[in-house]
2 protein chains.
Amino acid sequence: MSAEDSPDAPTPPVTGVRANRRAKSAPTIYDIARLAEVNPSTVSRALSQPGRINIKTEQRIRSAAKQLNYRLNPMARALPTGRTSTIGLLVADITNPMFFTAVRGAERAAAERGYTLVLAESQESGAREAEAAHRVLPSVDALILVVTRLSDEAILELADRKPLVVINRMIDGVSSLVPDVDRGIAQALNHLAELRHTAVAFVAGPETSWMSGARARSLRAQAPGRGMTIVEIGPGAPTLDGGRDALDRVLAADVTAVVAYNDLMAIGLMRAATAQGIAVPGQLSILGFDDIFGSDFTSPPLTTIRIPLGLAGDLAVRRALDMIDADAADTEYSTPDEPPILTELVIRGSVGPAPR
Amino acid sequence: MSAEDSPDAPTPPVTGVRANRRAKSAPTIYDIARLAEVNPSTVSRALSQPGRINIKTEQRIRSAAKQLNYRLNPMARALPTGRTSTIGLLVADITNPMFFTAVRGAERAAAERGYTLVLAESQESGAREAEAAHRVLPSVDALILVVTRLSDEAILELADRKPLVVINRMIDGVSSLVPDVDRGIAQALNHLAELRHTAVAFVAGPETSWMSGARARSLRAQAPGRGMTIVEIGPGAPTLDGGRDALDRVLAADVTAVVAYNDLMAIGLMRAATAQGIAVPGQLSILGFDDIFGSDFTSPPLTTIRIPLGLAGDLAVRRALDMIDADAADTEYSTPDEPPILTELVIRGSVGPAPR
DNA sequence: GCGAGTGTGGCAACCGGTTGACAATAGTTC
DNA sequence: GAACTATTGTCAACCGGTTGCCACACTCGC
């Protein structure tokens, strides 16, 4: 307490920022208890189990809490209960705009239920991602992998420890949130087919990207039925540069249209092509995935398959919270009926009729 | 539940996700202590104060820890020490690309020192921001306000409780990280002056944006000396829509050039102008601030004043960590010598000669 | 008037670390 | 060999909540 004096060091009036901050001792339930003249445990009950306590006592406690401007200490609660009211979010690359759409959805859903997001980036490295995952794991109630470069085994191991939801990757035994790949690819191919493209290249993303592989598989499966051939180019970095670097191989492949792994690559490719005097879509049609921020700024504006990642982020948090609840109630969690995550063809200007 | 649950059975293979997770009891220092045959407090010292313990004992403890795959429980440490190894990041709008540049810089600097970022969005609302700030405050070591809509008083109050760094706003008595406003405005005006613009509009951001006000003031101060007039339009939302909505008033103001509060507004305005058949930069020149992702995708590509926000995020974290250290050592924190955050004129295509 | 049932609130242990105080042991000096 | 210091490890209290268990007071039914 402050009333008691320091025996010999009279703590002189210190200037600067630090001094004020010393007044940081936040009020605790013990302070409330003293003020409301009850036992601390009663305060705890009044605040966290409404109804357990006599309504009059509860109100007395609540007003004391308000008077002291009491804030519960999350860490103190977390220690005995394990509940941290926190969800960890792991992303491979913060600067990919597709990611923040997901984060926004997740943030909203989390804040709505009083949860806070803990963020970690792995910079496209599996090792750093594993490290980050283990760093945040003890202090979160659940983990969401937005774009992961981890191996299936590593993910399963994490899922053993905490509720875990994966976006954009399908793993057996793990709650996965994946847009309908085949439908998206079908939308892409149908659009290209209508415009009479038959020779199509797929510019792949990183090898460790499950989604890139899934799209490649779906393309190979669906192209023949439409009389189309698929040339796979890659793997490459899922960035503007990665797209740009693929141009030579695209040109060498003698195709009239390109499906890029994501919008970033599509835009990189498109800009490289334009810079070389190749007309888009006159000589080369380009189609992306995601519909990221800025994809309608390009010229021509990018035709793309929109992935509703905000929805995915939102759903991921809801699932995570449900899993947390199921854990707490010691009941089985089962994936709820949810609307599927449906892709949508956004026709803009980067895909045109095949040159003849 | 299908599993037989005889108490001594060697945990039969139970189906379902929950069952596995029950094995979540993480090893503690008590487990290590038992294995290494020392007292738990010795384990604590060995792990967190290398050298305090006999080197042989320490190594025995470390290998026991490794063997058990021990992870320190951050909450348990945080409770007595107050150190959470966590920095809170508050942003007004996650979907503004300028923000994630800053986050990336912050994330890197934080991860480097073993710190984790806690993220909260306030959706451009001061009230929600205050709420979010108080929610995360107890569980972070420091707070960084990337783009804040809080009042000065609210910020000062937060700064009293925890180390706090503000980006893009100058507040007396608070560690502020602000790019050189006057220099940026000078760069903008010089560029416009060279192209013989004399009537310029400033499309302002939100009223609560300190930076918008600062730019407006600097414009008013610097324009006359260059023989220019400034019309201020706004305030408006710092978004694509906000920029679009300003078009009518820009046209009514009879100017040849526009300086927008940020790139988002600049792009929104430019697209609205183009849609109305107004040539950019033929009839109207547009200049933005930030150099966000995508600002070079537009047609014409956006001329803008680049703010190195990645650097700002990085510096903010470093400062925050230094303040935390200073607090721990009970020493005075003083702002270090840092390179100033210098803006840079990025000339692209949205500013041209004034029509005559 | 008595026992059972219910509502209320206190006691104390616990979560997993940290740390000041101190005891035990080892090492040094005279 | 005694006195003294340095090193090493132990004990126990503490951080701020949560919760099982229990005591007490009161109501109700018979």
Side-chain angles (χ1 to χ4, degrees), chain A residues 1 6-7 9 24-62 64-65 68-86 114 137-139 141 328-330, chain B residues 24-62 64-65 68-86 135 137-139 141 328-330:
Chain A
M1 293 292 101
S6 25
K24 71 177 163 186
S25 59
T28 71
I29 56 168
Y30 295 89
D31 300 323
I32 300 176
R34 209 174 309 125
L35 187 60
E37 297 178 316
V38 292
N39 189 283
S41 61
T42 306
V43 175
S44 173
R45 288 201 179 91
L47 262 29
S48 57
Q49 312 175 27
R52 170 70 172 75
I53 293 294
N54 185 312
I55 185 79
K56 286 209 59 171
T57 314
E58 182 179 329
Q59 273 163 4
R60 186 151 43 91
I61 289 172
R62 285 195 184 281
L68 293 173
N69 195 19
Y70 169 76
R71 296 260 157 192
L72 182 142
N73 181 327
M75 263 115 36
R77 162 176 284 177
L79 202 42
T81 62
R83 285 175 287 141
T84 65
S85 293
T86 272
L137 199 64
S139 46
D141 289 349
D330 205 9
Chain B
K24 74 175 158 184
S25 60
T28 72
I29 56 168
Y30 295 88
D31 299 323
I32 300 178
R34 208 173 310 123
L35 187 58
E37 297 177 318
V38 291
N39 189 286
S41 62
T42 305
V43 175
S44 173
R45 288 206 176 85
L47 263 29
S48 57
Q49 311 175 26
R52 170 69 172 76
I53 292 294
N54 184 310
I55 186 77
K56 285 208 59 171
T57 315
E58 182 179 328
Q59 272 163 4
R60 184 150 45 89
I61 289 172
R62 285 197 184 280
L68 292 174
N69 195 19
Y70 170 76
R71 296 262 155 192
L72 181 143
N73 181 329
M75 263 114 36
R77 160 177 284 177
L79 203 42
T81 62
R83 286 176 287 141
T84 65
S85 292
T86 272
R135 194 180 64 215
L137 199 64
S139 45
D141 289 349
D330 205 11

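In what follows, chains are A, B, ... by sequence order, proteins preceding strands, each numbered from 1. As the structure is a computational prediction, the values presented were derived from the model and not from experiment.
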Asks: Quick check for you: among C:dG17, D:dG17, C:dG9, whose closest atom lies nearest to any side-chain atom of B:Ile29?
Replies: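 For the B:Ile29 side chain, the nearest candidate turns out to be C:dG17.
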Asks: For A:Ile55 and B:Asn39, take the nucleotide of DNA chain C holding the closest heavy atom to each; which residue's nucleotide lies nearer the 5' end?
Replies: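 Taking each residue's closest nucleotide, the earlier one in sequence belongs to A:Ile55.
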Asks: For the pair made of CG in B:Asn54 and C1' in C:dT25, what is the distance, rounded to whole Å?
Replies: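 My rounded result for the distance is 12 Å.
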Asks: Quick one: label A:Thr81 by what it contacts on the DNA or RNA (base, sugar-phosphate, nothing), any heavy atom closer than 4.0 Å.
Replies: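 Sugar-phosphate only.
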Asks: Looking at D:dT18, I'd like to know if its phosphate oxygens (OP1 or OP2) sit under 4.0 Å from a side-chain N or O belonging to A:Tyr30.
Replies: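 No, A:Tyr30 has no side-chain N/O under 4.0 Å of OP1/OP2 on D:dT18.
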Asks: Side chain of B:Thr57 only, heavy atoms from C-beta on: which candidate in D:dG17, D:dG9, C:dT18 is closest?
Replies: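 Minimum distance to the B:Thr57 side chain belongs to D:dG9.
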Asks: Minimum heavy-atom separation for A:Asp31 and A:Thr28, please, with both atom names.
Replies: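 Closest heavy-atom pair between A:Asp31 and A:Thr28: OD2-N, 2.8 Å.
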Asks: Donor-acceptor pairs are to be reported for all side-chain atoms of residues 68-76 of chain A against protein atoms at under 3.5 Å, with residues two or more places apart or in another chain.
Replies:
{"unit_1": "A:Asn73", "atom_1": "OD1", "unit_2": "A:Met75", "atom_2": "N", "d": "2.8"}
{"unit_1": "A:Asn73", "atom_1": "OD1", "unit_2": "A:Ala76", "atom_2": "N", "d": "3.2"}

Asks: Atom CD1 of A:Ile53 and atom C1' of C:dG10: how far apart are they, to the nearest Å?
Replies: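 After rounding, the reported distance stands at 10 Å.
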Asks: Just compare C:dT19, C:dG16, D:dG17 and give me whichever is closest to any side-chain atom of A:Ser44.
Replies: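 So the side chain of A:Ser44 is nearest to D:dG17.
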Asks: Quick one about B:Thr84 and B:Asp141 (side-chain donor to acceptor, distance below 3.5 Å, no hydrogens or angles considered), yes or no?
Replies: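 Side chains of B:Asp141 and B:Thr84: pair found under 3.5 Å.
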Asks: Is there a side-chain contact between B:Arg135 and A:Ser85 in this structure, where contact means two heavy atoms from C-beta onward sitting under 4.5 Å apart?
Replies: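 The answer is no; the side chains never approach within 4.5 Å.
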Asks: Check every strand shown and say whether A:Thr28 touches a base, only sugar-phosphate, or nothing at a heavy-atom separation below 4.0 Å.
Replies: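 Sugar-phosphate only.
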Asks: Over how many whole Å does the gap from B:Asn73 atom CG to C:dG17 atom P extend?
Replies: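 Checked: the CG to P distance equals 6 Å.
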Asks: Between atom CZ in B:Arg52 and atom P in D:dA6, what is the gap in whole Å?
Replies: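 Atom CZ in B:Arg52 sits about 14 Å away from atom P in D:dA6.
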Asks: Whether B:Thr42 contacts D:dT10 is assessed here as follows: a side-chain N or O lying under 4.0 Å from the phosphate OP1 or OP2. Is that the case?
Replies: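 Indeed, a polar side-chain atom of B:Thr42 lies that close.
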Asks: Taking the nucleotide of DNA chain D with the nearest heavy atom to each, does B:Arg60 or B:Pro80 sit closer to the 5' end?
Replies: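 Looking at DNA chain D, the more 5' nearest nucleotide goes with B:Arg60.
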Asks: How long is the line joining CZ of A:Arg77 and P of C:dC15, in whole Å?
Replies: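 These atoms are roughly 18 Å apart.
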Asks: Could you state the CG-C1' distance from A:Leu79 to C:dT18, rounded to the nearest angstrom?
Replies: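 In whole Å, C:dT18 C1' and A:Leu79 CG are 12 Å from each other.
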Asks: Check whether any side-chain N or O of B:Ser41 sits under 4.0 Å from OP1 or OP2 of D:dT10, and answer yes or no.
Replies: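 So the side chain of B:Ser41 is outside the cut-off, no N or O lying under 4.0 Å from OP1 or OP2 of D:dT10.
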Asks: Describe the nucleic acid contact of A:Val43 in one word from base, sugar-phosphate, nothing, applying a heavy-atom distance below 4.0 Å.
Replies: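 No contact at all - A:Val43 keeps every heavy atom at 4.0 Å or more from the nucleic acid.
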Asks: When you measure only distances, ignoring hydrogens and angles, does the side chain of B:Arg45 come within 3.5 Å of the base of D:dT10 through a donor and an acceptor?
Replies: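 A donor-acceptor contact between them is present.
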Asks: Figure out the CD/C1' separation between B:Glu37 and D:dT8, and round it to whole Å.
Replies: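 Distance check: B:Glu37 CD to D:dT8 C1' gives 17 Å.
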Asks: Rounded to whole angstroms, how far apart are CG on B:Leu72 and C1' on C:dG16?
Replies: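 Those two atoms, CG and C1', are 9 Å apart.
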Asks: May I ask you to decide if A:Glu58's main-chain N or O and A:Arg45's side chain share a donor-acceptor pair within less than 3.5 Å?
Replies: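 Here the side-chain-to-backbone pair does not exist.
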Asks: Do you know the tightest heavy-atom contact between A:Arg62 and A:Ala46?
Replies: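 Reported closest heavy-atom pair: NH2-O, 3.1 Å.
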Asks: Which nucleotide, C:dG17, C:dT19, D:dT19, lies nearest any side-chain atom of B:Gln49?
Replies: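 Closest nucleotide to the B:Gln49 side chain: C:dT19.
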